[in-house]
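One structure is given here, and the rest of the page talks about it.
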Amino acid sequence: MAVEGGMKCVKFLLFIFNFLFWICGIALIVIGIIVQMTLHKTLLITNASASGAPIVIIAVGVVIFFIAFFGCCGAWKESYCMITTFAVLLTLIFLVEIAAAIAGYIFKDKVKDGFSTALEDSMKKYNQSADFKKAVDTIQTDFHCCGSHNYTDWFIYRPNLTVPDSCCKTPTLNCGKNVTSSNINQPGCAVTIDTWIQKNLLIVVGVALGIAFFQLLGIVFACVLMKAIRSGYEVM
């Protein structure tokens with residue numbers, strides 16, 4: 001009876017875990033879509049390294065969604081095959097996440113370079129397209145920055161040594177024609193965005209560790225339930 005009660009508890013915990021995991025998958029999909037839309041709204045990204053992160057988030061969310069489905073159904077129906085599939089897939093995605101974290105740390109500078117390249121491309125097309133103009137103005141206004149590396153980047157594309165009005169600390173019509181340290185945001189947008197990412201990196205790491213912890217719990221619960229089902233215990 002004690003074993004039966006313990007297995008019921010494991011089954012219940014695994015079901016609840018997968019339900020929460022399923023919700024996490026949906027949340028990641030939504031977050032990825034929002035981030036992707038925001039990036040394309042504020043900056044017309046043409047560099048794959050800069051827009052790859054939200055795509056990865058969406059992909060992970062979709063995978064987690066289907067893995068949680070196997071886990072929920074397997075726990076509810078006590079299906080050895082489905083729980084085994086769940087445990088294997090969850091282990092694989094856990095290993096992929098570790099590999100992705102290592103790769104992200106190694107190639108973190110490439111993300112900054114990707115933003116820088118995309119910004120420079122948008123700056124070149126600033127006067128050629130209303131979409132690029134709006135994108136650059138939005139990101140410079142929101143992040144209080146100017147140019148890619150610094151405000152002088154605009155001098156390459158504007159021989160009259162002026163900057164867009166969105167570079168001004170208090171944007172007004174034609175304020176960019178008076179380029180002085182007092183009225184222009186001098187830091188570059190690539191640097192500013194990279195600094196913002198670094199400040200929020202601890203939050204991302206904390207969330208990632210939390211997800212990894214729950215994944216390990218899910219693998220343990222699945223293995224315990226698999227063993228119980230294979231041994232022929234009654235867990236209903």
Side-chain angles (χ1 to χ4, degrees), residues 28 30-59 100-208:
L28 285 175
V30 173
I31 290 171
I33 292 173
I34 292 174
V35 171
Q36 183 75 347
M37 290 176 63
T38 301
L39 282 176
H40 282 275
K41 188 182 296 182
T42 58
L43 182 63
L44 301 181
I45 298 291
T46 57
N47 189 294
S49 63
S51 61
I55 295 175
V56 171
I57 292 174
I58 295 172
I102 295 173
Y105 179 79
I106 294 175
F107 298 107
K108 60 181 179 180
D109 291 335
K110 289 189 176 293
V111 175
K112 179 182 176 181
D113 293 338
F115 273 114
S116 180
T117 301
L119 277 164
E120 290 170 3
D121 183 64
S122 297
M123 289 166 64
K124 290 178 185 177
K125 301 174 182 176
Y126 184 81
N127 293 319
Q128 302 172 14
S129 167
D131 289 335
F132 280 97
K133 183 178 186 300
K134 181 180 178 182
V136 172
D137 286 341
T138 299
I139 201 168
Q140 289 188 151
T141 301
D142 290 350
F143 286 91
H144 306 290
C145 56
C146 186
S148 178
H149 300 93
N150 56 62
Y151 75 102
T152 60
D153 291 342
W154 281 108
F155 298 166
I156 300 174
Y157 312 109
R158 301 165 75 99
N160 53 355
L161 303 183
T162 63
V163 297
D165 294 341
S166 57
C167 282
C168 298
K169 295 178 180 178
T170 305
T172 57
L173 184 63
N174 296 324
C175 64
K177 292 182 178 180
N178 180 25
V179 181
T180 64
S181 59
S182 60
N183 78 320
I184 299 297
N185 291 310
Q186 299 190 31
C189 293
V191 177
T192 303
I193 292 173
D194 182 65
T195 301
W196 180 82
I197 291 174
Q198 296 299 326
K199 286 182 178 179
N200 291 275
L201 191 59
L202 287 178
I203 298 175
V204 176
V205 171
V207 172

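Keep in mind that the numbers below use all heavy atoms, side chains included, and drop hydrogens, waters and symmetry copies.
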Could you give the distance from CD1 (I139) to CD1 (I193), rounded to the nearest 0.5 Å?
3.5 Å
Could you report the tightest heavy-atom contact between W154 and G147, atom names first, then the distance?
NE1-N, 3.3 Å
In terms of heavy-atom contacts, Y151 and V163 come closest through O-CG1, 3.9 Å
So, for C189 and Q140, which heavy atoms are closest and what is the spacing to 0.1 Å?
SG-CG, 3.7 Å
Spatial distance of atom CG (D121) from atom CG (L119) [nearest 0.5 Å]
9.5 Å
When rounded to the nearest 0.5 angstrom, what is the spacing between CG in D165 and OG1 in T170?
12.0 Å
Just verifying a value: how many Å separate T152 OG1 and I184 CD1, rounded to the nearest 0.5 Å?
12.0 Å
How long is the span from the CZ atom in F143 to the OG1 atom in T138, to the nearest 0.5 Å?
11.0 Å
Rounded to the nearest 0.5 Å, the SG atom of C168 sits from the CG atom of L173 at a distance of 10.0 Å
Main chain of C175, side chain of N183: is a donor-acceptor contact present, judged purely on distance under 3.5 Å?
yes
Tell me the closest heavy-atom pair linking K124 and Y157, and the distance in Å.
CG-CE2, 3.3 Å
Heavy-atom closest contact (M123 atom, V136 atom, distance)
N-CG2, 4.4 Å
Are the gamma sulfurs of C167 and C145 separated by less than 2.5 Å?
no
Do K133 and P164 come within less than 4.5 Å of each other through their side chains, counting heavy atoms only?
no
Indicate whether the side chain of S166 and that of T141 have a donor and an acceptor atom separated by less than 3.5 Å.
no
